Structure formats: structure tokens, C-alpha cells
**Student:** 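Have a look at this one before I ask anything.
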Amino acid sequence: MTYHAKSDFMRVMIERGFMADCTDYQGLDEALCAGIVPGYIGFDATAKSLHVGSLIQIMMLRWLQKTGHKPITLMGGGTTKVGDPSFRADERPLLTPEQIDANIDGMKQVFAKYLSYDDGASGALMLNNAEWLDGLNYLEFLRDVGRHFSVNRMLSFESVKSRLDREQSLSFLEFNYMILQAYDFMELNRRYGCRLQMGGSDQWGNIVNGIDLTRRVIDHEVFGLTSPLLTTADGKKMGKSADGAVWLNAEMRSPYEFWQFWRNTADADVGRFLKLYTELPVDECDRLGALGGAEINEAKIVLANEVTTLCHGREAAAAAEATAREVFEKGGAGDDLPTLVLSVDEMGAGVSVVQAIVRSGLAKSGKDAKRLIAEGAARLDDAPLSDAGRMLTAADLASPVKLSAGKKRHALIRLKD
């Protein structure tokens with residue numbers, strides 16, 4: 001990135017690694033210097049929580065507000081009914097309006113931790129595109145909006161082209177998604193003065209469509225900015241772990257498990273992740289990321305603490321670190337570990353260790369649990385488990401016991417009081 005930014009926001013985006021591309025670097029930079037720029041990112045309501053894969057976008061909105069501008073979180077109450085086909089191999093499952101509303105309620109809890117929704121000039125706005133999409137007249141929409149879109153050009157976008165090149169079907173429903181997203185940008189500009197759309201680099205085609213539509217229909221200048229699609233040092237998609245998505249809502253992923261995800265960051269990713277997911281000064285991120293040997297582990301603890309503090313609060317981060325140190329350094333059980341609580345009635349003649357490993361979230365299936373045992377990776381109170389047929393009885397759980405899968409993943413099992 002050779003562009004030298006004048007505005008605080010553009011400087012942060014470039015220095016901290018958020019910038020993949022921009023439709024007009026100088027034009028956006030000048031607009032940011034001239035006054036408050038409202039900017040938005042859209043989030044479709046496909047689950048009850050956002051996960052770590054969305055955190056780079058959330059941090060972009062946070063930095064937009066911290067540098068004096070106005071972030072808009074656009075909930076896809078309308079577009080979720082269609083589903084974004086970008087770089088997907090198949091069509092998204094269609095959700096009912098009730099499911100979409102419930103998912104939006106869950107997602108709102110995350111944004112409230114990162115953004116300030118107040119009446120100030122840079123106070124964040126929470127909007128729902130169902131507000132204008134649900135009432136569209138289809139014939140009027142085709143005539144007034146659809147005529148501005150070239151099918152030839154839409155087919156050339158990489159997100160669509162990659163699907164067609166693999167000879168995977170793309171429904172007409174999905175094909176409409178990019179038109180609806182373009183319409184969102186124009187409506188946000190018309191209604192709220194929004195001048196910037198941000199998103200991952202897979203959204204480039206959709207963002208450019210919105211800019212073109214806004215210019216053609218209402219002759220307003222707007223901008224687009226994309227972030228890189230992140231993968232970890234080992235090539236895995238950001239936001240996934242061995243046991244599934246790393247959710248941002250505490251009820252779907254405990255603060256301890258969230259903290260542990262960041263503590264387990266690969267050495268090569270520490271400096272980059274500190275810049276993207278924390279607000280530590282860039283120089284400090286570089287210093288911590290360059291540490292070697294055992295010292296890099298302390299940098300990972302800083303990363304885990306900073307990210308967990310933003311998402312779950314300082315107390316949750318401190319409790320998670322204390323639990324981790326107790327488990328790893330002192331061999332203790334740790335009160336804050338994920339816990340499986342079993343009733344005496346549920347125990348009956350006993351619960352198999354395989355079932356306990358699965359139910360505690362340390363394995364996805366019985367087959368996975370048996371593999372852990374066979375490989376010597378499963379432990380009960382730090383003693384190796386070698387018998388997949390072993391049963392745990394109420395007597396075994398007279399006091400809580402610790403189950404472990406490898407060196408880094410642990411859970412407690414206890415009887416219900």
C-alpha cells in the first residue's frame with residue numbers, strides 16, 4: 001500500500017492491515033478530512049451470533065467511530081430472505097421471518113459491545129434493510145432499478161464466475177442478491193447520507209454495483225473499501241476452530257473458550273492479529289509479534305486478553321487467564337472451564353467416557369472421541385484414558401472431574417447439586 005493517507009481513518013486502515021482495496025483512495029480520504037462520513041457494513045442474519053470471521057468488519061466500524069465518523073450496522077432482515085451467493089458452493093437455506101428476527105436480536109448484543117449507539121454526531125445507527133426492501137413493488141423495481149444492471153457484467157464478477165465455472169447452479173433468487181445490496185447502498189445514501197460501504201474483498205463486485213447505481217439514479221458520489229479475506233498461517237479460514245465456529249455471543253461460546261482460541265494463535269499470526277483485533281499501538285503490536293521462543297506465549301496472552309476484553313469485558317478476560325494459568329501451570333481444574341452438569345437420575349448405571357467427551361464439547365462425535373482415546377490424547381483428571389468402554393459413575397463424580405482433549409482443551413464434569 002503506497003497511498004499516504006491524510007485522514008485518521010484511512011491511516012489506521014492502511015497501517016493496521018485492514019485495507020485490501022478502495023474505489024477511490026484520494027476521494028475518500030478527502031471526504032473523511034472534510035467532515036463526518038457515515039459508513040456502513042451489512043450483516044445478514046443467518047445465525048443467532050456473529051463469529052470471529054466477522055470481527056475484522058466490526059473492528060473497521062469501531063475504528064470509523066473512534067476516528068470521528070458515523071458507523072451504520074445494517075441488519076439484513078430483507079436480504080437474508082434471499083441469501084448472498086458470494087463464493088458459496090450451494091444456496092443458503094431459507095429462514096422464516098421469525099428466525100431472522102431472533103437472529104438479529106442475538107447479533108445486536110455483539111454490536112453493543114463495540115459501538116456506541118447514541119444521538120451524537122458520530123453515534124452509530126442500527127438499521128434493517130427490511131425497512132425498504134419488504135415493501136418494494138416488483139414491477140417498479142425492475143423498471144427503475146433493474147434496467148441499470150448488465151447481466152454480462154454481473155456474470156463477470158468473480159463471486160458469480162467461480163460458481164458457474166464449477167458448473168454449480170446459481171438460482172435466479174440468488175442472482176437478485178447483488179441488485180438488492182446495490183439498492184441498499186443507494187437507499188442508505190438517500191435516507192441517511194451514507195457515503196461509504198465496507199466489507200470483505202469477496203464483496204467488491206456488490207459494492208461497485210451500489211456505487212454505480214447511486215451515481216446513475218441520484219448522481220451522488222459514494223465510496224467502497226474492502227478488507228482482505230483472512231486465513232490463518234496454516235491456511236485455515238479465520239473464525240473456525242477444531243470444534244466449530246468461534247461465536248462472539250457468550251452463550252454460544254464461553255469467554256474462557258473464546259480466550260483460549262486467541263491464546264492458541266500460531267506464532268506467525270500474533271503481530272498481524274494484534275493490529276487487526278486489538279487497539280494496542282502499532283509499534284507495540286510489531287514488538288510483541290517479533291518475540292521468539294517462550295516469550296511469544298506472553299504475547300499470545302496479551303492478544304487473548306485484549307480481544308476478550310473488547311468482546312466480553314475486562315473481568316471475563318482476567319478470569320479466563322486465571323483459569324488457564326491454573327489449568328496449565330498448576331495442574332488444577334479451573335472454576336471457569338466449560339462445565340457439563342449431570343443429574344443423579346441421568347447418571348443411572350453410569351455415563352460412558354465417550355459420551356462425556358462428546359457432551360462436554362471436546363469432540364464432535366463418538367467416533368471423534370474414540371479416536372482421541374486411541375491416540376492417547378484424552379485424559380481424565382490428567383491421567384491418560386485408554387479404555388473407550390469405561391463408564392463414569394456417580395461415585396466418580398463425588399467431586400468435579402476434569403476431562404482433557406490434548407494439552408489445550410479442557411472441560412469439567414460434575415453432579416447437579
Side-chain angles (χ1 to χ4, degrees), residues 1-34 37-44 53-67 69 71-74 84-88 149-150 153-163 165 177-186 188-189 194-216 220-232 235 237-239 269 272-273 275-277 282:
M1 178 62 60
T2 55
Y3 182 78
H4 297 290
K6 300 183 183 73
S7 66
D8 289 341
F9 179 69
M10 288 287 274
R11 180 178 48 77
V12 168
M13 290 296 99
I14 293 169
E15 286 182 355
R16 302 188 78 97
F18 286 99
M19 183 81 75
D21 214 339
C22 181
T23 55
D24 181 354
Y25 290 96
Q26 186 174 343
L28 175 57
D29 201 18
E30 289 173 356
L32 289 159
C33 290
V37 172
Y40 93 99
I41 299 178
F43 300 86
D44 279 346
S54 297
L55 195 51
I56 188 170
Q57 269 75 51
I58 296 172
M59 291 300 292
M60 289 166 80
L61 289 169
R62 183 174 170 88
W63 279 113
L64 188 70
Q65 187 168 49
K66 282 174 71 73
T67 53
H69 302 282
I72 298 172
T73 45
L74 182 65
D84 184 1
S86 298
F87 293 97
R88 287 182 60 86
F149 289 83
S150 160
R153 187 170 183 229
M154 291 162 77
L155 289 172
S156 72
F157 286 131
E158 192 59 37
S159 57
V160 174
K161 192 169 177 289
S162 62
R163 180 96 156 253
D165 285 348
Y177 185 92
M178 63 180 74
I179 301 177
L180 295 176
Q181 185 171 327
Y183 186 75
D184 280 347
F185 197 178
M186 184 177 72
L188 285 169
N189 179 262
C194 182
R195 299 193 65 195
L196 170 65
Q197 182 183 358
M198 300 183 289
S201 56
D202 60 333
Q203 295 298 313
W204 179 256
N206 291 338
I207 291 172
V208 169
N209 272 334
I211 292 170
D212 286 349
L213 182 67
T214 305
R215 179 178 53 79
R216 288 168 183 266
H220 286 183
E221 184 182 32
V222 290
F223 307 95
L225 184 157
T226 59
S227 62
L229 291 182
L230 280 194
T231 55
T232 54
K237 191 174 181 181
M238 187 62 187
D269 287 328
R272 183 168 58 127
F273 286 2
K275 289 179 189 174
L276 290 170
Y277 299 114
V282 171

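One-based numbering along the sequence shown. Note that the structure is a prediction, hence the values are computed from the model and not measured.
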**Student:** Would you name the heavy atoms of Val222 and Cys194 that are closest together and state the gap between them?
**Tutor:**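 In this case the closest contact between Val222 and Cys194 is CG1-O, 3.8 Å.
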**Student:** Report yes if the side chains of Met178 and Phe149 come closer than 4.5 Å at any heavy-atom pair, otherwise no.
**Tutor:**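 Contact flag for Met178/Phe149 side chains = no.
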**Student:** Between atom CD1 of Ile211 and atom CG of Leu213, what is the distance when rounded to the nearest 0.5 Å?
**Tutor:**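 The CG atom of Leu213 is 11.0 Å from CD1 of Ile211, to the nearest 0.5 Å.
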**Student:** Which distance, rounded to the nearest 0.5 Å, do you find between the CG of Asp184 and the CG of Asn189?
**Tutor:**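 Rounded to the nearest 0.5 Å, the CG-CG separation comes to 12.5 Å.
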**Student:** Working note: Thr67 + Arg11, criterion side chain to side chain contact (heavy atoms under 4.5 Å, CB included); need CA distance, chi angles, decisive distance, verdict.
**Tutor:** CA-CA 10 Å; Thr67 53; Arg11 180 178 48 77; over 6 Å; no
**Student:** Could you walk me through whether Arg272 and Leu230 pass the side chain to side chain contact (heavy atoms under 4.5 Å, CB included) check?
**Tutor:** CA-CA 10 Å; Arg272 183 168 58 127; Leu230 280 194; 3.3 Å; yes
**Student:** Any non-hydrogen side-chain atom of Trp63 less than 4.5 Å from a side-chain atom of Met60?
**Tutor:**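 The answer is no; the side chains never approach within 4.5 Å.
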**Student:** Show the nearest heavy-atom pair for residues Leu229 and Gly200, with the distance to one decimal.
**Tutor:**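 It is CD2-CA, 4.2 Å.
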**Student:** Rounded to the nearest 0.5 Å, what's the gap from CZ on Phe9 to CD1 on Ile14? Could you check?
**Tutor:**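 The CZ atom of Phe9 sits 10.0 Å away from the CD1 atom of Ile14.
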**Student:** Looking only at non-hydrogen atoms, find the nearest pair between Phe185 and Phe223 and report the distance.
**Tutor:**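 Closest heavy-atom pair between Phe185 and Phe223: CZ-O, 3.5 Å.
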**Student:** Ignoring hydrogens and geometry beyond distance, is a side-chain donor-acceptor pair present between Gln203 and Gln197 at under 3.5 Å?
**Tutor:**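 Checked: Gln203/Gln197 side chains show no N/O donor-acceptor pair below 3.5 Å.
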**Student:** To the nearest 0.5 Å, what is the distance between CG (Leu64) and CZ (Arg62)?
**Tutor:**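 Atom-to-atom, Leu64:CG and Arg62:CZ are 12.5 Å apart.
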**Student:** Mark yes or no for whether Arg16, through its side chain, and Lys275, through its backbone, hold a donor-acceptor pair below 3.5 Å.
**Tutor:**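 The answer is yes, because a donor-acceptor pair under 3.5 Å joins these two groups.
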**Student:** Rounded to the nearest 0.5 Å, what's the gap from CD1 on Ile207 to CG on Asp202? Could you check?
**Tutor:**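 Taking CD1 in Ile207 and CG in Asp202, the distance rounds to 8.5 Å.
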**Student:** For Ala5, does its backbone N or O pair with a side-chain atom of Asp29 as donor and acceptor, under 3.5 Å?
**Tutor:**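 Absent.
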**Student:** Heavy atoms, side chains only, cut-off 4.5 Å: are Arg153 and Asp212 in contact?
**Tutor:**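 Arg153 reaches Asp212 side chain to side chain.
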**Student:** Determine the minimum heavy-atom distance between Ala20 and Pro228, stating which atoms define it.
**Tutor:**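 Closest heavy-atom pair between Ala20 and Pro228: CB-N, 3.5 Å.
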**Student:** Measuring from Met186:CE to Arg215:CZ, what's the distance to the nearest 0.5 Å?
**Tutor:**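 Here the rounded value is 13.0 Å.
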**Student:** Quick one: closest heavy-atom pair of Ser227 and Ile56, and the distance?
**Tutor:**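 Scanning both residues completely, I find the closest heavy atoms to be CB-CD1, 4.0 Å.
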**Student:** Which atom pair, heavy atoms only, marks the closest approach of Met198 to Ile41?
**Tutor:**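 Closest approach of Met198 to Ile41: O-CG1, 3.4 Å.
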**Student:** Tell me, do Asp24 and Glu221 make a side-chain contact under 4.5 Å, heavy atoms counted?
**Tutor:**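 With C-beta onward as the side chain, the pair touches.
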**Student:** Thr226 and Asp21: side-chain donor and acceptor closer than 3.5 Å?
**Tutor:**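 Thr226 vs Asp21: no donor-acceptor pair found between side chains.
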**Student:** Side chains of Trp204 and Thr23: does their closest heavy-atom pair fall under 4.5 Å?
**Tutor:**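 Yes, close enough: below the 4.5 Å cut-off.
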**Student:** With a 4.5 Å heavy-atom cut-off, do His69 and Leu32 have their side chains touching?
**Tutor:**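 Yes, at least one pair of side-chain atoms sits under 4.5 Å.
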